[in-house]
Structure formats: C-alpha cells, structure tokens
Asker: 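Dropping a structure here in structure tokens format, bear with me for questions.
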Amino acid sequence: MKIDILTLFPEMFPAVLSAGVVGRAAERGLLTFSVTDIREHTTDRHRSVDDYPFGGGAGQLLAAQPIFAALQAIGPAAAEAAGGLPPPCRLIYLSPRGRVLDHGLARELAGEERLVLLCGHYEGVDQRVLDAFPFEEVSIGDYVLTGGEIPAMALIDAVCRLVPGVLGSEDSHREESVYSGLLEYPQYTRPASYEGLDVPEVLLSGNHREIELWNFEQALRLTAARRPEMLRSWAAAHLSTLDKKKKALAEAVLREL
Ligand code: SAM
C-alpha cells in the first residue's frame, strides 16, 4: 500500500513512519510513504499558504492553490480524479466534520492500494479543494485538534496494521477489542502472583476450553458494562452461531443489561 501525506508540517512524520510495526513493514516494502510539504507548492512570493475567509469569520484558511499544486505534483493519477475519472486511490481529508474512523472503515481502507491524506490547519481548507477532488472527510473523534497531522498518524497506524502481512501473525488482531465485535477480555503475564495480586486460577489450569469460555465471558461482561450498544449489535449478528455453552453465557449477560 502507498500512502501520500500532504501537510504543512512534514517534520512531524518521520518518527511515526519509521518506528515499530509500521516502520518494519515499510522496511519490508509492504508500505510506502511519501510526505509532501504543501508550502513547497505555493506560488505566493512570501510562501504564504493561508488567507482570510470570504464573508468574515475567525481565523485563516488553507488556500486552494498550494493544495491543487501539491495534488498535481504527487501524480497525475490523483489530479485526474478531479475530472470525474474513477478514483485510482482514496483521497481523505482529515476533518472533525467527517465520518468517524472506526474498525470497519480502517479495514475498508486497508484493502486500498493507495491513500492520499490531506492534513488541514488553521480553520480548515478552502471548500473548492473538497469540491474539485473526490475527498472523503474522516474524523478521529468528536473533538478538535489544531491540525490534521495527528489524525493522519492515527489513521495510518489503525489502517496499516490491518494490511495483510504487516502484523507478525494474521491472528493477532482477531480477538482484539472491536475486531471481534466485543471488547477484549483482561490478560495477564508472568509472574502468576505479584505483590499479593494473583492471576485468575482458570488461566493457569491448562484447560483450553475452560480458558476459552472464561475469556469469552469476561469479554461479554466488559462489553456489557462499557459498551452495551456494542454488545446488543454483536448479539444480533452472532448469537445464533455460538455453541451451546457460549450461547448460554451470552444470554445470561444479555438478560442483565
Ligand atoms: N474549523 C474546523 C471545523 O470546525 O471543522 C476545524 C479546523 S481544525 C482547528 C484544523 C485542522 O485540524 C482541520 O482542518 C483538520 O484537518 C484537523 N482536525 C482537527 N480535529 C480533527 C478531528 N477530530 N479529526 C480529524 N481531523 C481533525
């Protein structure tokens, strides 16, 4: 997968793109990143990229010209999308007005060959950028940050770990919170007893079926306590597919909701 990032602050990205799982995947050639400095594409003689909004209002806006030019520069493919051709890549503007990023969207984006991420600043971008190019707006939550760089990093991290081959084991995210439709059960590592705090006995029993049922029940109870709406929609989709014991456990937790 190739990810292009358009930003006013390219210096924020190298650490995130070269460290950990994402960095290793880039070294292995599974991910390619390209960071474009929007300011490099301004035609303004003072290298300015922002201006005041017509009609008044607080703050400045990122102007259309340097963004159009940056999109042209990263490849005619992205620019052609403005002409109504089928988009060869997904264009994403990080924005608090957008569709909120969740696991479903991350999984969808992980299947794309190329993403172009536009990081806004100031009060956002000139609307003509969003009208001329098929940008989808994506938010990382109902709060406002000063720029789109941290949202872009969050999206990159959530999406890239779902690209096949990026995580060591393809199974490692199967049981994670949200992926399975339930929040993840609590987990413990050695030692079995620490400062008088003991690991639940069942996890030391070696009985795989008992451990599986315990983990499942913990996931149900945690989801019921923290995200009851998530538990209800999980149940609607999965209850009928469960074996007898798991179904009984799930029904008991659902009755307590
Ligand atoms: N005036 C804009 C509004 O009310 O929608 C907010 C602009 S914000 C101060 C500056 C930039 O930060 C935005 O253009 C966007 O790229 C980014 N941003 C801020 N909060 C975000 C969020 N929750 N999700 C994604 N991007 C966000």
Side-chain angles (χ1 to χ4, degrees), residues 1-17 22 31 33-42 44 47-74 78-79 81-82 87 89-110 112 114-163 177-178 227 230:
M1 166 184 274
K2 168 149 199 222
I3 301 184
D4 286 279
I5 301 145
L6 271 53
T7 171
L8 288 180
F9 296 97
E11 66 276 17
M12 288 176 72
F13 285 90
V16 169
L17 302 182
V22 170
L31 306 170
F33 300 109
S34 170
V35 183
T36 297
D37 184 348
I38 296 171
R39 198 176 296 279
E40 292 297 319
H41 296 278
T42 179
D44 183 89
R47 284 175 51 84
S48 177
V49 288
D50 57 304
D51 217 324
Y52 67 87
F54 283 119
Q60 299 283 99
L61 283 179
L62 247 169
Q65 180 277 318
I67 301 176
F68 270 60
L71 284 167
Q72 299 280 357
I74 63 169
C89 56
R90 296 274 284 262
L91 303 184
I92 293 171
Y93 168 49
L94 284 308
S95 158
R97 299 189 306 199
R99 170 179 171 188
V100 176
L101 178 64
D102 61 9
H103 186 71
L105 179 56
R107 209 163 43 180
E108 197 183 306
L109 296 177
E112 299 289 339
R114 189 173 178 199
L115 303 178
V116 175
L117 308 181
L118 172 62
C119 306
H121 248 276
Y122 315 112
E123 286 311 311
V125 303
D126 186 310
Q127 182 61 33
R128 286 168 292 188
V129 171
L130 309 177
D131 293 342
F133 293 85
F135 272 105
E136 300 165 50
E137 297 189 39
V138 174
S139 164
I140 61 159
D142 290 339
Y143 44 85
V144 179
L145 291 97
T146 57
E149 286 72 18
I150 290 171
M153 290 173 197
L155 182 145
I156 289 168
D157 201 82
V159 169
C160 287
R161 66 197 296 282
L162 300 178
V163 170
S177 293
V178 184
R227 300 287 300 276
M230 186 187 272

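Counting convention: from 1, in listed order, for ligands and their atoms alike.
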Asker: Could you tell me which atoms of ligand 1, counted from 1 in the order shown, lie closer than 4.0 angstrom to a heavy atom of Pro151?
Answerer: 25 (C), 26 (N), 27 (C)
Asker: Would one find more than 12 heavy atoms of other residues, nucleotides or ligands at under 6.0 Å from atom CD1 of Ile150?
Answerer: no
Asker: Could you tell me the residue and atom name of the protein heavy atom closest to atom 2 (C) of ligand 1, and the distance to it rounded to 0.1 Å?
Answerer: Glu123 O, 3.5 Å
Asker: Drop me the distance from Glu137's CD to Leu94's CG, to the nearest 0.5 angstrom.
Answerer: 10.0 Å
Asker: Could you tell me the residue and atom name of the protein heavy atom closest to atom 14 (O) of ligand 1, and the distance to it rounded to 0.1 Å?
Answerer: Tyr93 OH, 2.7 Å
Asker: Dump the intermediate steps for side-chain contact (heavy atoms from CB on, under 4.5 Å) on Leu71 and Phe135, then the final yes or no.
Answerer: CA-CA 12 Å; Leu71 284 167; Phe135 272 105; 4.0 Å; yes
Asker: What's the separation between atom CG in Asp157 and atom CG in Leu162, rounded to the nearest 0.5 Å?
Answerer: 9.5 Å
Asker: Could you go through Gln60 and His121, starting from their C-alpha distance and side-chain angles, then the distance that decides it, and tell me whether this counts as side-chain hydrogen bond (donor to acceptor under 3.5 Å, both in side chains)?
Answerer: CA-CA 9 Å; Gln60 299 283 99; His121 248 276; over 6 Å; no
Asker: Could you tell me whether a side-chain N or O of Arg39 sits under 3.5 Å from a main-chain N or O of Arg47, the two making a donor and an acceptor?
Answerer: yes
Asker: Return the OH to CG distance between Tyr122 and Leu61, rounded to the nearest 0.5 Å.
Answerer: 10.5 Å
Asker: List every atom of ligand 1 that sits less than 4.0 Å from any heavy atom of Tyr143, numbering the atoms from 1 in the order shown and giving each element.
Answerer: 20 (N), 22 (C), 23 (N)
Asker: On a heavy-atom basis, I'd like to know which of Gly59, Ala154, Pro96, Pro53 is closest to atom 3 (C) of ligand 1.
Answerer: Pro96
Asker: Under 4.0 Å from ligand 1, counting heavy atoms only, is it the side chain of Val138, its backbone, both or neither?
Answerer: backbone
Asker: Do any nitrogen or oxygen atoms of Val125 lie less than 3.5 angstrom from nitrogen or oxygen atoms of ligand 1?
Answerer: no
Asker: Main chain of Gly141, side chain of Ser139: is a donor-acceptor contact present, judged purely on distance under 3.5 Å?
Answerer: yes
Asker: Only heavy atoms of Val144, strictly under 4.0 Å: list the atoms of ligand 1 that pass.
Answerer: 8 (S), 9 (C), 20 (N)
Asker: Counting only heavy atoms, which portion of Tyr122 has something under 4.0 Å from ligand 1: side chain, backbone, both, or neither?
Answerer: backbone
Asker: Applying a heavy-atom cut-off of 4.0 Å, say which part of Leu118 lies close to ligand 1: side chain, backbone, both or neither.
Answerer: neither
Asker: Is Ile140 in polar range of ligand 1, meaning some N or O pair under 3.5 Å apart?
Answerer: yes
Asker: As a check for students: among Ile150, Leu145, Leu94, identify the option with a heavy atom nearest to atom 8 (S) of ligand 1.
Answerer: Leu145
Asker: To the nearest 0.5 Å, how far apart are CG in Leu118 and CG in Leu6?
Answerer: 6.0 Å
Asker: Give the atoms of ligand 1, by number and element, whose distance to some non-hydrogen atom of Gly124 is under 4.0 Å.
Answerer: 14 (O)
Asker: Numbering the atoms of ligand 1 from 1, which are under 4.0 Å from a heavy atom of Arg97?
Answerer: 5 (O)
Asker: Can you list the atoms of ligand 1 that are under 4.0 Å from a heavy atom of Gly148?
Answerer: 12 (O), 16 (O), 17 (C)
Asker: By number and element, which atoms of ligand 1 are closer than 4.0 Å to a non-hydrogen atom of Gly120?
Answerer: 11 (C), 14 (O), 16 (O)
Asker: Show your working on salt bridge (Lys or Arg N to Asp or Glu O under 4.0 Å) between Arg90 and Glu136 and close with a plain yes or no.
Answerer: CA-CA 8 Å; Arg90 296 274 284 262; Glu136 300 165 50; 2.5 Å; yes
Asker: Counting from 1, what ligand 1 atoms have a heavy atom of Ser95 closer than 4.0 Å?
Answerer: 24 (N), 25 (C), 26 (N)
Asker: Keeping Gln65 on the side-chain end and His41 on the backbone end, is there a donor-acceptor pair under 3.5 Å?
Answerer: yes
